[in-house]
Amino acid sequence: MSSNTEKLYTEFTAEMKKDYTILAPDIFPTHMEFLQKVFELNGFNVEVLHDEDRSVIDTGLKYIHNDMCYPAICVVGQQLHALMSGKYDLHKVALVQFQTGGGCRASNYIMLLRKALENMGMGYIPVLSVNFAGLEKHSGFKITTKMAMQAFYALAYGDMILLLKNQCEPYEVNKGDTRKMVLRWVEKIGRQLAHDKGMTDRELRENFKEIAADFHVIPREDKKLTKVGIVGEIYVKYSSFGNNGLEKFLLSQGCEFMVPGVLGFFQAYIKNIELDYNNYGGSRLKLEISKLLLKKIANWEKYMDEALVPYPEFVAPMPFDKVVELAEPIIDLGVKMGEGWLLPGEVAELIELGYSNVICAQPFGCLPNHIVGKGTIRRIRDLYPKANIFPVDYDAGASKVNQENRIKLMLAIANEEDK
Ligand code: SF4
C-alpha cells in the first residue's frame with residue numbers, strides 16, 4: 001500500500017510555485033473567490049473551476065468508480081475535465097483538494113485523483129491538499145498559521161454576503177439588484193484581501209457594518225414567502241452544481257431560504273478537538289489553541305450580529321455555542337463522521353429562526369449524513385412538532401425532476417400548515 005501511495009505522489013516544489021496554476025474545484029459560492037485571493041496573497045496562482053455541465057459528471061464517472069461519493073465524482077470530474085480542455089499547459093499545472101482528514105471517505109479524494117491521473121498518463125501533475133490535519137506534505141505548498149487565519153477571515157466575509165444575499169434576493173423589486181450588490185462586495189473584499197487588508201478584527205467589524213448597510217438599501221417588496229432552510233453534506237449543500245441548482249429552484253417557487261454559514265463547518269471541526277480531548281485525551285496545547293480559535297470566531301459572530309441589529313428585517317444566525325447546545329438533546333456530540341452532530345444542530349437552529357421547512361441535501365449513499373440527517377428526523381420532530389424536514393438525495397443518476405417533485409411536496413405541506 002505504502003509503495004503504491006509513494007509511486008502516485010508527485011511533489012509540488014518551491015520552484016513550481018512561481019509559474020504553476022493550481023486548479024481548485026468550485027465548492028462554496030463567493031467564498032472560493034475570497035480563498036483564491038488568500039492564495040494569491042501567499043504567492044500561489046489558484047484558479048477556481050466553474051465548468052458545470054453533464055460532461056463534467058461523465059468525466060468523473062469515467063475515472064472514478066460510481067460507488068464513490070457523488071461530491072468526489074463532481075470535484076474530481078471538474079478537475080479532470082479542465083485538464084482535458086486543452087486550456088492548460090499540463091506541465092505547469094497542479095490540482096488542489098480540500099480535506100478534513102477525518103475518518104470519512106473524503107479523506108481519500110486525493111488518492112482517487114492521483115489514481116485517475118495515473119490512468120490518464122498524467123501522473124506527473126502534483127495533487128495538493130488543503131487541510132488542518134498535517135496531511136500531505138509538499139516542499140512548495142505549506143499552509144501557515146497566518147494563511148489559515150486569512151482563510152478564516154475570507155470565509156467569514158463569504159458567510160456575511162451569503163446571508164444577506166439569501167434574504168434580499170427573493171424580495172428584490174428590481175431583478176438583479178442583489179446580484180449586483182454581491183458582485184460589488186466580492187470585488188471590494190477581494191481587492192482588500194489581495195492587498196493583505198480586511199483581515200484584522202477591526203476591519204472585519206467595519207466591513208460587516210458597511211455590507212449590512214448596503215444590502216439594506218436594496219429596494220425590496222414587503223411580502224410573505226415560504227421560508228426554507230438548507231442543511232446537508234458540505235458539497236451538495238453549497239454547490240449549485242452538486243445540488244442541481246437548488247437555490248434557483250427555490251427562488252422560482254417563491255421561497256426565501258437560509259443556508260448556515262461555511263465557517264460553522266470549521267467551527268464544528270475545531271470543537272471536535274475539544275470533544276475528542278474530553279473523550280479520549282490528547283494534546284493539551286492543541287486543545288488550548290482550538291479554544292482560542294473558537295473564541296476569536298465567536299467575536300466575529302458578535303460583529304455580524306451587531307452589524308445586523310440596525311436592520312431588524314435581517315435574521316442573524318445563532319452563535320455557534322447555541323447550535324452546539326441545540327444539537328445535544330438530539331444526538332451525541334461524539335457522532336462526527338460526515339457533518340456529524342452539526343447537521344441536526346443546524347436543523348434545530350433553522351427551525352428556531354423560523355425556517356421550519358428544511359431540506360437535508362445529501363449525496364446518495366452517504367452513510368454518515370444519512371445517519372445524522374434522516375436518522376435524526378424523528379427525534380427533531382419530537383422536539384419541534386412543526387418541523388417539515390425533507391431529505392433529498394443527489395447523485396449522478398438521480399433525476400432532477402424527482403428531486404424537485406420532492407421539494408414541491410415539502411412546499412405543499414408547508415402551505416397547508418400555513419392555512
Ligand atoms: S460525508 Fe458523505 S459524501 Fe462526503 S465523503 Fe463522507 S460519505 Fe462521502
Side-chain angles (χ1 to χ4, degrees), residues 24-28 31-32 52 56-57 60-61 63-80 95-116 127 129-133 135-136 230-244 246 259-260 262-272 275-276 327 331-347 358-377 389-398 403:
D26 191 6
I27 304 178
F28 316 120
H31 303 66
M32 286 304 286
E52 296 194 346
V56 172
I57 302 285
L61 285 172
Y63 293 98
I64 295 199
H65 198 284
N66 64 356
D67 265 1
M68 245 347 257
C69 312
Y70 184 49
I73 290 167
C74 295
V75 294
V76 172
Q78 210 171 31
Q79 289 175 313
L80 299 182
L95 306 176
V96 67
Q97 285 284 342
F98 298 84
Q99 290 182 289
T100 56
C104 205
R105 284 187 280 180
S107 297
N108 297 319
Y109 286 12
I110 293 266
M111 280 312 290
L112 289 175
L113 190 47
R114 288 203 177 118
K115 205 158 169 281
V127 180
S129 160
V130 173
N131 67 78
F132 302 114
L135 305 171
E136 298 284 332
I230 303 174
V231 297
E233 186 274 339
I234 191 157
Y235 182 75
V236 292
K237 174 162 113 178
Y238 295 109
S239 161
S240 64
F241 182 43
N243 62 34
N244 275 335
L246 173 61
V259 196
V262 174
L263 209 47
F265 179 82
F266 291 92
Q267 285 167 286
Y269 177 83
I270 301 165
K271 179 78 184 171
N272 283 337
L275 300 171
D276 280 351
I331 195 166
D332 191 284
L333 298 187
V335 181
K336 56 190 181 116
M337 287 295 140
E339 317 309 297
W341 53 265
L342 177 69
L343 195 151
E346 286 184 340
V347 175
V358 182
I359 293 170
C360 181
Q362 39 198 22
F364 177 74
C366 167
L367 184 62
N369 280 315
H370 277 77
I371 291 168
V372 297
K374 244 183 210 163
T376 59
I377 292 178
I389 312 171
F390 264 67
V392 180
D393 286 343
Y394 292 91
D395 183 49
Q403 290 157 351

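Any value given below was found using the heavy atoms of this structure, including those in side chains, with hydrogens, waters and symmetry copies removed. Just so you know, ligand 1 is whichever comes first in the structure, and atom 1 is the first atom listed for that ligand.
- In this structure a side-chain-to-backbone donor-acceptor pair under 3.5 Å is present from Gln403 to Asp393.
- With sequence neighbours excluded, no residue forms a side chain to side chain donor-acceptor pair (under 3.5 Å) with Lys115.
- Note on ring orientation: taking the six-membered ring where Trp is involved, the planes of Phe266 and Phe28 are perpendicular (angle over 60°, cut-offs 30° and 60°).
- Among residues two or more places apart in sequence or in another chain, the ring-ring contact (aromatic ring centres under 6.0 Å, His included) test is passed with Tyr70 by none.
- Residue-environment remark: OH (Tyr269) exceeds the threshold of 12 foreign heavy atoms within 6.0 Å.
- For atom 6 (Fe) of ligand 1, the tally of protein N/O/S atoms lying closer than 2.8 Å stands at 1.
- Residue-level proximity to ligand 1 for Tyr394 is absent, since no heavy atom of it falls below 4.0 angstrom.
- For the ligand labelled ligand 1, residue Tyr109 lies inside the 4.0 Å heavy-atom shell.
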Show me the donor-acceptor pairs within less than 3.5 Å that the side chains of residues 72-79 make with the rest of the protein, sequence neighbours left out.
| unit_1 | atom_1 | unit_2 | atom_2 | d |
| --- | --- | --- | --- | --- |
| Gln78 | OE1 | Asp26 | N | 3.1 |
| Gln78 | NE2 | Leu49 | O | 3.4 |
| Gln78 | NE2 | Asp51 | O | 2.9 |
| Gln79 | OE1 | Gln97 | NE2 | 2.6 |
| Gln79 | NE2 | Leu23 | O | 3.0 |
| Gln79 | NE2 | Val96 | O | 2.8 |

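- The heavy-atom pair separating Asp395 from Phe364 by the smallest distance is CB-CB, 3.5 Å.
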